S.K.: 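Before anything else, here's the structure in question.
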Amino acid sequence: MKRRIDLNGKKILVTGSPGFIGANLVLRLLRELSAGTVIVSLDNMNAYYDVTLKGWRLAQIEKTAKESMVSHVFVKGSIADRELVDALFEKYAFDVVVNLAAQAGVRYSIDHPDVYIESNLIGFYNLLEACRRHPVEHLIYASSSSVYGGNKKVPFSVEDKVDHPVSLYAATKKSDELIAHAYSKLYNIPATGLRFFTVYGPAGRPDMFYYSATQKLAAGKKIQLFNYGNMKRDFTYIDDIVEGIVRVMGGAPEKADGKDGLPIPPYAIYNIGGGQPENLLDYIATLQEELVRVGILPEGYDFEGHRELVGMQAGDVPVTYADSKALEEDFGFKPTVGIRTGLRAFAEWYKEYYGPDTERT
């Protein structure tokens with residue numbers, strides 16, 4: 001059972017804003033919630049990718065906040081800073097916490113393991129401890145489709161075992177789920193984990209394939225297609241991800257006691273995925289067509305001459321495919337945006353953001 005939460009008038013912490021998902025979530029909340037609502041954004045603005053892009057997203061947030069009835073505060077800092085986290089919880093007594101702060105990237109985790117431990121494990125632990133000492137109505141946190149690792153069964157269900165991660169990034173996300181479950185059980189903290197599937201869209205992360213491929217193609221460079229192009233991804237448009245988060249924010253797992261008199265963990269896990277895995281070659285072909293349509297690439301662009309088929313890369317998996325029935329049953333939501341619509345929106349944003357000179361190295 002879910003306990004309905006009206007987000008209006010609540011004090012909400014969103015970590016990882018102005019990251020890609022965090023920024024879009026905050027923008028949505030600023031546009032829709034009423035006076036008396038307080039949103040605190042927390043992000044360390046690290047240089048994992050272009051900080052200028054994060055600054056652009058933050059500017060969009062600040063502009064929207066000026067026109068919103070919602071009170072918004074941005075705090076530059078890390079969730080790994082326990083004193084800062086404790087001070088924020090002490091000051092604001094948050095009702096709802098959405099943890100989207102994490103060191104992302106499967107491949108980056110191979111060479112930079114320490115930052116994953118710091119952010120994804122220590123940082124998340126700090127938030128759980130703060131939620132224990134300052135009880136919240138609902139903790140929502142980002143997990144990842146990466147936890148499914150080398151699972152052969154598709155579509156991936158939250159009922160599947162996820163005991164064989166193939167990257168440190170995936171291992172930290174699975175660890176977050178386990179630790180959150182323990183805190184939910186021990187301290188009766190309503191907690192919901194969301195396994196996101198290959199999020200994309202305007203102003204996304206430059207390390208994501210669709211974005212980095214665009215930069216290389218615009219610069220006349222070749223792109224590499226791993227596993228010789230035999231990859232399928234459950235691409236999920238950013239608006240669908242945000243819609244899923246907002247609905248889950250408003251429905252916390254119900255607290256209840258078991259026959260032993262101890263709390264039954266008010267805990268849930270959901271997939272948020274497009275539900276329609278796309279072949280990587282088709283996805284890239286669609287992206288190319290949209291880049292030509294907006295003029296980033298010229299008519300008659302030699303796509304075949306600008307791609308290279310290569311083998312599988314360490315830490316990657318050939319297929320991701322979400323079974324999101326639980327999300328649909330509990331919250332009446334199913335992602336709807338197709339790749340043509342999503343990639344068109346990205347191409348148009350890219351053209352506008354980079355202006356006439358779209359060449360990027």
Side-chain angles (χ1 to χ4, degrees), residues 2-43 54-75 88 92-101 127 136-142 190-194 196-197 199-204 236-253 268 270-274 324 327-338 341-342 345-346 348-349 352:
K2 303 297 175 188
R3 183 175 64 84
R4 306 311 300 174
I5 298 175
D6 183 356
L7 298 177
N8 287 296
K10 299 295 185 183
K11 286 164 285 188
I12 303 169
L13 173 65
V14 179
T15 72
S17 169
F20 179 33
I21 299 176
N24 280 277
L25 174 62
V26 170
L27 287 169
R28 167 80 179 266
L29 297 176
L30 288 172
R31 290 171 181 140
E32 294 190 354
L33 297 183
S34 63
T37 308
V38 177
I39 299 175
V40 176
S41 293
L42 175 63
D43 194 84
K54 295 180 181 180
W56 182 87
R57 296 194 200 109
L58 180 56
Q60 304 306 304
I61 290 172
E62 292 175 338
K63 177 182 177 182
T64 303
K66 290 179 181 178
E67 303 167 352
S68 172
M69 296 184 291
V70 175
S71 174
H72 176 264
V73 178
F74 173 69
V75 178
L88 290 175
Y92 291 100
F94 297 112
D95 301 297
V96 177
V97 174
V98 185
N99 180 41
L100 301 172
L127 288 171
V136 298
E137 294 183 49
H138 198 187
L139 165 66
I140 302 96
Y141 65 93
T192 302
L194 300 175
F196 299 138
F197 281 69
V199 188
Y200 75 102
T236 315
Y237 189 62
I238 183 61
D239 289 359
D240 280 333
I241 290 289
V242 170
E243 178 66 27
I245 296 172
V246 170
R247 294 202 187 198
V248 170
M249 286 172 69
Y270 294 97
N271 289 332
I272 302 184
S324 299
L327 184 70
E328 186 174 2
E329 290 172 357
D330 288 354
F331 295 98
F333 174 67
K334 183 178 181 180
T336 60
V337 180
T341 300
F346 165 73
E348 291 172 348
W349 170 84
E352 181 179 358

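Fair warning: this is a prediction, and the values are worked out from it, not measured in the lab.
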S.K.: Looking only at heavy atoms, which two atoms of I61 and P18 are closest? And how far apart?
M.R.: CD1-CB, 4.2 Å
S.K.: Should E67 and K63 count as an ion pair when the cut-off is N to O under 4.0 Å?
M.R.: no
S.K.: If you measure from CE on M249 to CD1 on I12, what distance do you get to the nearest 0.5 Å?
M.R.: 4.5 Å
S.K.: Which heavy atom of F196 sits nearest to which heavy atom of A142, and what is that distance?
M.R.: CE1-CB, 3.5 Å
S.K.: Hey, could you give me the CG/OG distance between N24 and S17, rounded to the nearest 0.5 Å?
M.R.: 9.5 Å
S.K.: Donor-acceptor pair, distance only, cut-off 3.5 Å: does the side chain of N271 make one with the backbone of S324?
M.R.: no
S.K.: Taking all non-hydrogen atoms of both residues into account, name the closest pair between Y200 and V337 and its distance.
M.R.: OH-O, 4.3 Å
S.K.: Just wondering, do H72 and L29 contact through their side chains at under 4.5 Å, heavy atoms?
M.R.: no
S.K.: For T64 and L27, indicate whether the former's side chain and the latter's backbone hold a donor-acceptor pair under 3.5 Å.
M.R.: no
S.K.: Find out whether D240 and I272 are in side-chain contact, i.e. whether some heavy atom of one side chain is under 4.5 Å from a heavy atom of the other.
M.R.: no
S.K.: If you round to the nearest 0.5 Å, how far is CG of L33 from CG of L7?
M.R.: 6.0 Å
S.K.: Could you work out, with side-chain contact (heavy atoms from CB on, under 4.5 Å) as the rule, every residue matching A268, not counting sequence neighbours?
M.R.: K2, T192, P253, Y270
S.K.: Side-chain contact test, heavy atoms from C-beta onward, threshold under 4.5 Å: evaluate it for I241 versus L194 and give yes or no.
M.R.: no
S.K.: Hey, does V246 have a side-chain heavy atom less than 4.5 Å from the side chain of L25?
M.R.: yes
S.K.: So which heavy atom on R57 is nearest to which on A23, and how close?
M.R.: CD-CB, 3.8 Å
S.K.: Within this structure, what is the CZ-CG distance for the pair F94 and L139, rounded to the nearest 0.5 Å?
M.R.: 12.5 Å
S.K.: What are the two closest heavy atoms between Y237 and G201, and how far apart are they?
M.R.: CE1-CA, 3.8 Å
S.K.: Whether the side chain of T236 engages the backbone of G274 through a donor-acceptor N/O pair (distance < 3.5 Å, no angle test) should be reported.
M.R.: yes
S.K.: Looking at CZ of R247 and CD1 of I245, how far apart are the two atoms once the value is rounded to the nearest 0.5 Å?
M.R.: 13.0 Å
S.K.: In Å, rounded to the nearest 0.5 Å, how long is the span from CG of L13 to OH of Y92?
M.R.: 10.0 Å
S.K.: Distance-only, no hydrogens or angles: does the D95 side chain make a donor-acceptor pair with backbone N or O of E137 under 3.5 Å?
M.R.: no
S.K.: Is the closest side-chain heavy-atom distance between D43 and F74 below 4.5 Å?
M.R.: yes
S.K.: Using every non-hydrogen atom in the two residues, find where P202 and W349 come nearest and quote the distance to one decimal.
M.R.: CB-CB, 3.5 Å
